[in-house]
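Residue numbers run from 1 in the order of the sequence given. Because only heavy atoms are used, hydrogens play no part in the values below, and waters and symmetry mates are left out as well, while side chains stay in.
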Amino acid sequence: MRVLLNAGPWLSVPPAGYGGIENVVATLVPALRDRGVQVVLATVGTSTIPADEVVFRHPVPQFPLLQLPYNRVMGCVMAHMDHVVRELARRDDVDLVHDHVEAVGPVVLAALGSAAPPALHTLHWDLGKHPALYENFDGRGRVWVNGVSADQLSRAPAALRAVSLGHVHLATPLAGRRVDVDKGRYAIVLGRITPGKGQDVAARLAHAAGQQLVLAGPVGPYDRPAALARALRDDPDATRNPDVQYWQERVRPWVDGRCVRWVGSVGPAERDELLAGAMVSLCPLQWDEPGGTAVVESLALGTPVAGYRRGCLPELVHDGVTGLLVDPGDEDGLVAAWRDARRLDPRACRRVAAERFAPSRMADDYVSLYEKVRAGQDPFA
């Protein structure tokens with residue numbers, strides 16, 4: 001089977017630091033190739049993941065454009081998809097497209113009809129977005145979708161559920177890997193600094209409870225504190241970015257360098273050391289998280305999770321074994337979970353991650369879905 005895996009134009013595969021979808025793709029590609037699937041990767045020119053072929057329109061990642069006004073960025077993803085369409089048109093050896101490009105990917109592939117191979121589109125985001133699209137989506141018998149959690153798909157509009165083949169939980173190559181790092185006294189929130197992740201809640205509670213907290217992730221397109229400081233000094237447009245506004249107004253006042261530190265976006269080695277050394281990984285989610293990359297990475301490195309019981313967390317966290325979950329908004333309960341989670345066994349976290357979130361399991365699940373798509377099988381058959 002030869003699959004064109006469309007990662008999109010935003011970040012390299014694997015990403016240098018932040019990059020949830022790109023990390024998923026980087027995990028999936030080698031596991032698929034181990035199963036004999038030939039992978040044509042549609043990405044950006046800086047990607048380094050070994051694949052059978054790599055195709056790209058943009059030589060460098062386009063992530064800095066992602067939150068600009070629509071009229072300044074709309075051509076970026078269109079140029080990428082145009083290149084994918086041209087690639088599919090010039091060859092007849094691609095059996096299936098596995099698409100990860102939000103909204104534009106499935107629409108373009110469905111519009112091509114029989115001029116393109118059948119496609120599986122993975123939904124990585126909140127399915128309440130784009131109601132005019134998702135409430136009327138028609139895959140034309142060519143494009144099917146899958147979610148990354150059961151909770152995510154339970155919120156999908158009926159038209160999207162009608163073409164859904166179910167969900168595949170995310171995986172991490174860290175599953176089964178031992179990182180020998182002594183546990184520190186800090187908790188960590190890993191992920192982009194954005195309101196849905198709740199870093200403001202975590203930072204405020206750290207001060208109230210006298211706990212140490214590390215925030216690891218970019219603020220908008222700014223991956224390090226120095227880059228954000230330069231932008232705030234030199235670029236009047238920087239404060240128009242909604243994540244920068246959130247940082248300035250609701251997170252930065254709590255970041256004192258002692259109780260709460262922001263280390264920016266971290267590469268794989270630094271991420272692994274920070275996660276493995278944390279006593280707990282915090283998820284004070286302010287939205288229904290669809291996938292939970294940071295959760296599976298934390299568990300794989302032996303760090304239990306404390307968070308709100310919403311989104312995908314109840315599917316990923318075995319309450320009382322690999323983490324502690326409390327009702328959304330229960331800040332006293334979250335602080336208690338934060339303190340108590342350190343007593344959970346890191347070995348249990350690693351064992352569960354190796355069983356449930358290994359790349360081999362995710363690849364097997366996707367190969368099964370690929371076979372259904374190629375056969376044109378009714379998802380409810």
Side-chain angles (χ1 to χ4, degrees), residues 20 124-128 147-155 167-172 174-175 183 185-206 208-217 274-357:
H124 290 274
W125 32 82
D126 173 11
L127 302 184
V148 289
S149 68
D151 180 82
Q152 178 202 32
L153 285 180
S154 74
R155 304 169 192 280
H167 69 277
V168 176
H169 285 141
L170 304 182
T172 173
L174 300 172
K183 289 291 183 184
R185 298 181 58 83
Y186 63 91
I188 188 170
V189 180
L190 178 67
R192 183 163 62 98
I193 311 291
T194 193
K197 302 289 186 183
Q199 284 94 347
D200 61 316
V201 174
R204 174 168 50 80
L205 293 181
Q211 300 289 321
Q212 295 179 35
L213 176 68
V214 173
L215 305 176
L274 278 171
L275 272 179
M279 62 181 181
V280 61
S281 182
L282 285 181
C283 295
L285 298 175
Q286 304 300 296
W287 75 313
D288 296 311
E289 178 83 46
T293 303
V295 174
V296 300
E297 291 175 342
S298 297
L299 298 182
L301 291 170
T303 298
V305 173
Y308 287 147
R309 189 181 292 108
R310 65 183 305 177
C312 65
L313 258 65
E315 295 177 47
L316 304 182
V317 176
H318 186 174
D319 202 5
V321 177
T322 62
L324 296 172
L325 303 180
V326 301
D327 291 339
D330 181 0
E331 294 187 353
D332 291 340
L334 183 61
V335 170
W338 182 338
R339 288 174 170 149
D340 292 344
R342 74 186 75 183
R343 301 189 183 100
L344 298 177
D345 187 354
R347 293 171 297 181
C349 297
R350 291 195 294 267
R351 182 176 63 252
V352 169
E355 293 169 354
R356 297 189 59 204
F357 308 127

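With sequence neighbours excluded, no residue forms a side-chain hydrogen bond (donor to acceptor under 3.5 Å, both in side chains) with Q152. For R204, the salt bridge (charged side-chain N to carboxylate O under 4.0 Å, His left out) test picks out E331, with sequence neighbours left out. Scored by the side chain to side chain contact (heavy atoms under 4.5 Å, CB included) test, A278 finds Y186, I188, T303 as partners (sequence neighbours excluded). In this structure D345 satisfies the salt bridge (charged side-chain N to carboxylate O under 4.0 Å, His left out) test together with R347, sequence neighbours excluded. T194 pairs by the side-chain hydrogen bond (donor to acceptor under 3.5 Å, both in side chains) definition with D243, not counting sequence neighbours. For W125, the ring-ring contact (aromatic ring centres under 6.0 Å, His included) test picks out H121, with sequence neighbours left out. For V296, the side chain to side chain contact (heavy atoms under 4.5 Å, CB included) partners at least two apart in sequence or on another chain are T172, L316, F357. Residues that satisfy the side-chain hydrogen bond (donor to acceptor under 3.5 Å, both in side chains) test with H124, not counting sequence neighbours, are H100. Among residues two or more places apart in sequence or in another chain, the side-chain hydrogen bond (donor to acceptor under 3.5 Å, both in side chains) test is passed with S281 by S298. Applying the side chain to side chain contact (heavy atoms under 4.5 Å, CB included) rule to A354 yields no partners; only residues at least two apart in sequence or on another chain are considered.
The nearest pair of heavy atoms linking R192 to K197 is O-CG, 3.4 Å. Summarising the geometry of I193 relative to G217, their closest heavy-atom pair is CG1-O, 3.8 Å, with the distance given to 0.1 Å. Scanning both residues, C312 and G292, for their nearest heavy atoms gives SG-N, 3.7 Å. Taking each heavy atom of D126 and G128 in turn, the nearest pair found is OD1-N, 2.8 Å. Summarising the geometry of V189 relative to A202, their closest heavy-atom pair is CG2-CB, 3.8 Å, with the distance given to 0.1 Å. The shortest non-hydrogen separation linking L213 to A206 is CB-CB, 3.9 Å.
With values rounded to the nearest 0.5 angstrom, D200 atom CG is found 6.5 Å from Q286 atom CD. Rounded to the nearest 0.5 angstrom, R350 CZ and L299 CG are separated by 11.0 Å. D330 contributes atom CG, which lies 12.0 Å from atom CG of L325 (distance to the nearest 0.5 angstrom). Summarising the geometry, atom CD belonging to Q199 is positioned 9.5 Å from atom CG belonging to L190; distances are rounded to the nearest 0.5 Å.
Formation of a donor-acceptor pair under 3.5 Å by the S149 side chain with backbone atoms of P290 is found in this model. E315 contributes a side-chain N or O that, together with a main-chain N or O of D151, makes up a donor-acceptor pair within less than 3.5 Å.
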Name each donor-acceptor pair under 3.5 Å that joins a side chain in residues 332-341 to protein atoms two or more places apart or in another chain, with its distance.
from : atom 1 : to   : atom 2 : distance (Å)
R339 : NH2    : A209 : O      : 3.2
D340 : OD1    : R343 : NH1    : 2.7

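Contact of the H318 side chain with the V352 side chain is not registered, since no non-hydrogen atoms from C-beta on lie closer than 4.5 Å. Annotation: side chain of L344 is in contact with side chain of L324 (closest heavy-atom distance under 4.5 Å).
Residue pairs meeting the salt bridge (charged side-chain N to carboxylate O under 4.0 Å, His left out) criterion with at least one member in residues 299-311, sequence neighbours excluded: D288-R310, R309-D319, R309-D327.
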